[in-house]
Amino acid sequence: MKIKRRKTRTIQVGKIKIGGDNPIIVQSMTKSKLYDLEDIRKEIKELIEHSCELIRIAIPDKKSIDFLKKLIDEKIFKIPLVADIQFDYRLALECMDAGVDCVRINPGNIGGRNRVAEVINKARSKKVALRIGINSGSIDKKVLKKNKGDMARAMIESTLEYVRLLENLKFYNFKISAKASSVLDTINVYEVISEKVDYPLHLGVTEAGPVFSGSIKSSVGMGILLSRGIGDTVRVSLTGESVNEVDTGYIILNSLGLRKVGVDIVSCPTCGRTSGDFYKLVHEVEKLTSGIKKNLKIAIMGCIVNGPGEAKDADLGIAFGKKRAAIFLKGKVIKRVNKDFAVENFEQELRKII
């Protein structure tokens, strides 16, 4: 079964297009402080190595602009850059002058219609995209009270109000995010918005939590929406390293057949037949394949029962016995080796196909 995506308009963000028939973009947000240039340079490099397609950076104050300019001048950003702005519209104006590709604002906390208009006018002249973003933690109390405490309804009302504001100002190069920490609210909000407007939608479950539980919540929420054809770009919000967000985002898209990027690892859950430290072996192979951008399916099986037969469609696989391991390509065993040298031999075959 192939998922049919809902048709949205296309917007331009730097060198990439979002929406329409374009691929669903995977993005992340840096965790490092802007003034800690060494750390943020390293983080940006790692994100790009993990196939991140768009980077967002928080701009909390005016002094952050100087550090942002330095990074832009260094040409470290090989992918589009989004400045995340809250409260101070002047920061948005300065970021656009500095050379960002997109600015994320919440029109409800930026200081009123006139200031939103200033941001839009600058974005129009600089050919910069906007992301209008709200989340369940930033809803106006008056709107929430009007909707009798129904968070989803309040979020929908606020989002559509902001859309009308930008349309009245004749600005259309924007995408929308309306994320809640509740998975069900997130699904409800995006489903309604996708029926009412055709702007690209940025999916996410906000404040999803630590890597393990947050990945599950994000996979459930975004997976349901994506399976219904909703969503043009995703960010998995995790309390952890930003590369985990990117990796998880691709796994979600790959599992639904919406993207084919990087390595898909298939491994057995283990049982009483599994011999040796199988978890360690899986971890070694996972580290070995991390960062590979070529579309590959890798199988790691703990015994001959779950060997080439169950993983015959894998590009490359390995099945462990008591003393030896079988390495196979497309279901056919090409060599049997001592378990102590299995990973080394597996790596040799992996390098041949990448």
Side-chain angles (χ1 to χ4, degrees), residues 9-19 25 27-45 47-48 52-135 138 162-163 165-177 199-200 202 232-233 235 242:
R9 66 177 69 196
T10 300
I11 68 166
Q12 190 78 35
V13 182
K15 295 179 180 179
I16 65 172
K17 292 180 178 180
I18 296 177
I25 297 300
Q27 60 179 276
S28 184
M29 188 171 185
T30 55
K31 317 283 183 164
S32 307
K33 303 293 185 185
L34 252 176
Y35 53 76
D36 195 336
L37 289 173
E38 186 177 343
D39 279 358
I40 201 163
R41 285 189 191 104
K42 180 183 177 185
E43 185 176 4
I44 291 166
K45 183 180 178 183
L47 281 169
I48 293 171
C52 182
E53 295 169 310
L54 187 150
I55 290 177
R56 181 158 52 109
I57 294 181
I59 309 296
D61 47 42
K62 186 173 175 58
K63 70 177 183 179
S64 300
I65 305 287
D66 293 330
F67 295 101
L68 181 68
K69 287 178 180 176
K70 185 172 179 58
L71 291 171
I72 291 174
D73 289 343
E74 291 175 5
K75 302 188 184 304
I76 192 171
F77 298 104
K78 310 296 183 185
I79 57 178
L81 170 63
V82 181
D84 190 283
I85 309 296
Q86 299 286 349
F87 309 114
D88 191 342
Y89 78 104
R90 293 167 298 185
L91 296 177
L93 301 178
E94 290 192 50
C95 283
M96 286 187 269
D97 284 332
V100 302
D101 302 294
C102 180
V103 173
R104 186 266 192 185
I105 61 168
N106 180 342
N109 69 21
I110 211 74
R113 190 182 192 280
N114 290 339
R115 289 177 176 176
V116 172
E118 282 194 57
V119 172
I120 286 173
N121 289 336
K122 175 74 76 171
R124 185 181 288 114
S125 67
K126 292 284 186 179
K127 293 184 170 53
V128 169
L130 293 181
R131 169 183 152 194
I132 57 170
I134 67 165
N135 57 50
S138 64
Y162 298 154
V163 169
L165 172 60
L166 268 64
E167 288 180 334
N168 288 338
L169 293 166
K170 308 293 188 219
F171 188 83
Y172 309 101
N173 192 40
F174 67 92
K175 51 196 168 96
I176 299 168
S177 68
Y199 295 97
H202 165 90
D232 302 282
T233 175
R235 187 245 173 145
S242 53

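Index from 1, following the sequence.
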Testing the basics here: between [X] and [Y], what is the closest heavy-atom pair and its distance to 0.1 Å?
X	Y	result
Ile79	Asp101	O-OD2, 4.5 Å
Arg113	Asn168	NH2-CB, 4.2 Å
Gln27	Arg235	O-CG, 3.6 Å
Ile44	Thr30	CG1-CG2, 4.3 Å

Point to revise | Results of side chain to side chain contact (heavy atoms under 4.5 Å, CB included) for Asn121 - residues two or more places apart only | key: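 Expected list: Arg124.
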
key: Partners meeting side chain to side chain contact (heavy atoms under 4.5 Å, CB included) with Asp61 (sequence neighbours left out)   =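 For Asp61 the side chain to side chain contact (heavy atoms under 4.5 Å, CB included) partners, ignoring immediate neighbours, are Lys63, Ser64.
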
Partners passing salt bridge (charged side-chain N to carboxylate O under 4.0 Å, His left out) against [X] (at least two apart in sequence or in another chain):
X	value
Glu53	Arg259
Lys62	Glu94
Lys31	Glu245

Going by side-chain hydrogen bond (donor to acceptor under 3.5 Å, both in side chains), name the residues that satisfy it together with [X], two or more places apart in sequence or in a different chain.
X	answer
Asn114	none
Glu118	none
Asn106	Ser138
Arg104	none

Could you list the donor-acceptor pairs under 3.5 angstrom formed by side chains in residues 9-18, with sequence neighbours left out?
residue : atom : partner : partner atom : Å
Arg9    : NE   : Asp198  : OD1          : 3.0
Arg9    : NH2  : Asp198  : OD1          : 3.2
Gln12   : NE2  : Gly14   : O            : 3.0
Gln12   : NE2  : Ile16   : O            : 3.4

Rounded to the nearest 0.5 Å, how far does [atom2] of [Y] lie from [atom1] of [X]?
X	Y	atom1	atom2	value
Met29	Ile57	CE	CD1	8.5 Å
Ile132	Lys175	CD1	NZ	11.0 Å
Leu130	Asn173	CG	CG	7.5 Å
Ile120	Leu166	CD1	CG	3.5 Å
Ile176	Thr233	CD1	OG1	13.0 Å

message = For a side-chain contact (heavy atoms from CB on, under 4.5 Å) check, start with the C-alpha distance between Val116 and Leu165, then their side-chain angles and the critical distance, and finish with the verdict.
response = CA-CA 9 Å; Val116 172; Leu165 172 60; 3.9 Å; yes

Exercise. Above 12 or not: heavy atoms from other molecules or residues under 6.0 Å from OH of Tyr172?
Worked result: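 Yes.
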
Should Lys122 and Val103 be marked as a side-chain contact (heavy atoms from CB on, under 4.5 Å) after you check the CA-CA gap, both sets of side-chain angles, and the distance that decides it? CA-CA 11 Å; Lys122 175 74 76 171; Val103 173; over 6 Å; no

### Message
Would you say that Lys126 contacts Asp97 through its side chain, given a criterion of any heavy-atom pair below 4.5 Å between the two side chains?
### Response
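Counting from C-beta outward, Lys126 and Asp97 do come under 4.5 Å.
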
Atom pairs and distances, side-chain donor-acceptor, residues 65-75, under 3.5 Å, sequence neighbours left out:
residue : atom : partner : partner atom : Å
Glu74   : OE1  : Arg41   : NE           : 3.0
Glu74   : OE2  : Arg41   : NE           : 3.4
Glu74   : OE2  : Arg41   : NH2          : 2.7

Give the table of side-chain donor-acceptor pairs shorter than 3.5 Å for residues 81-92, with sequence neighbours excluded, one pair per line with atom names and distance.
residue : atom : partner : partner atom : Å
Asp84   : OD2  : Arg56   : NH1          : 2.4
Gln86   : OE1  : Asn109  : ND2          : 2.8
Asp88   : OD1  : Arg90   : N            : 3.0
Asp88   : OD1  : Arg90   : NE           : 3.0
Asp88   : OD2  : Arg90   : NH2          : 3.3

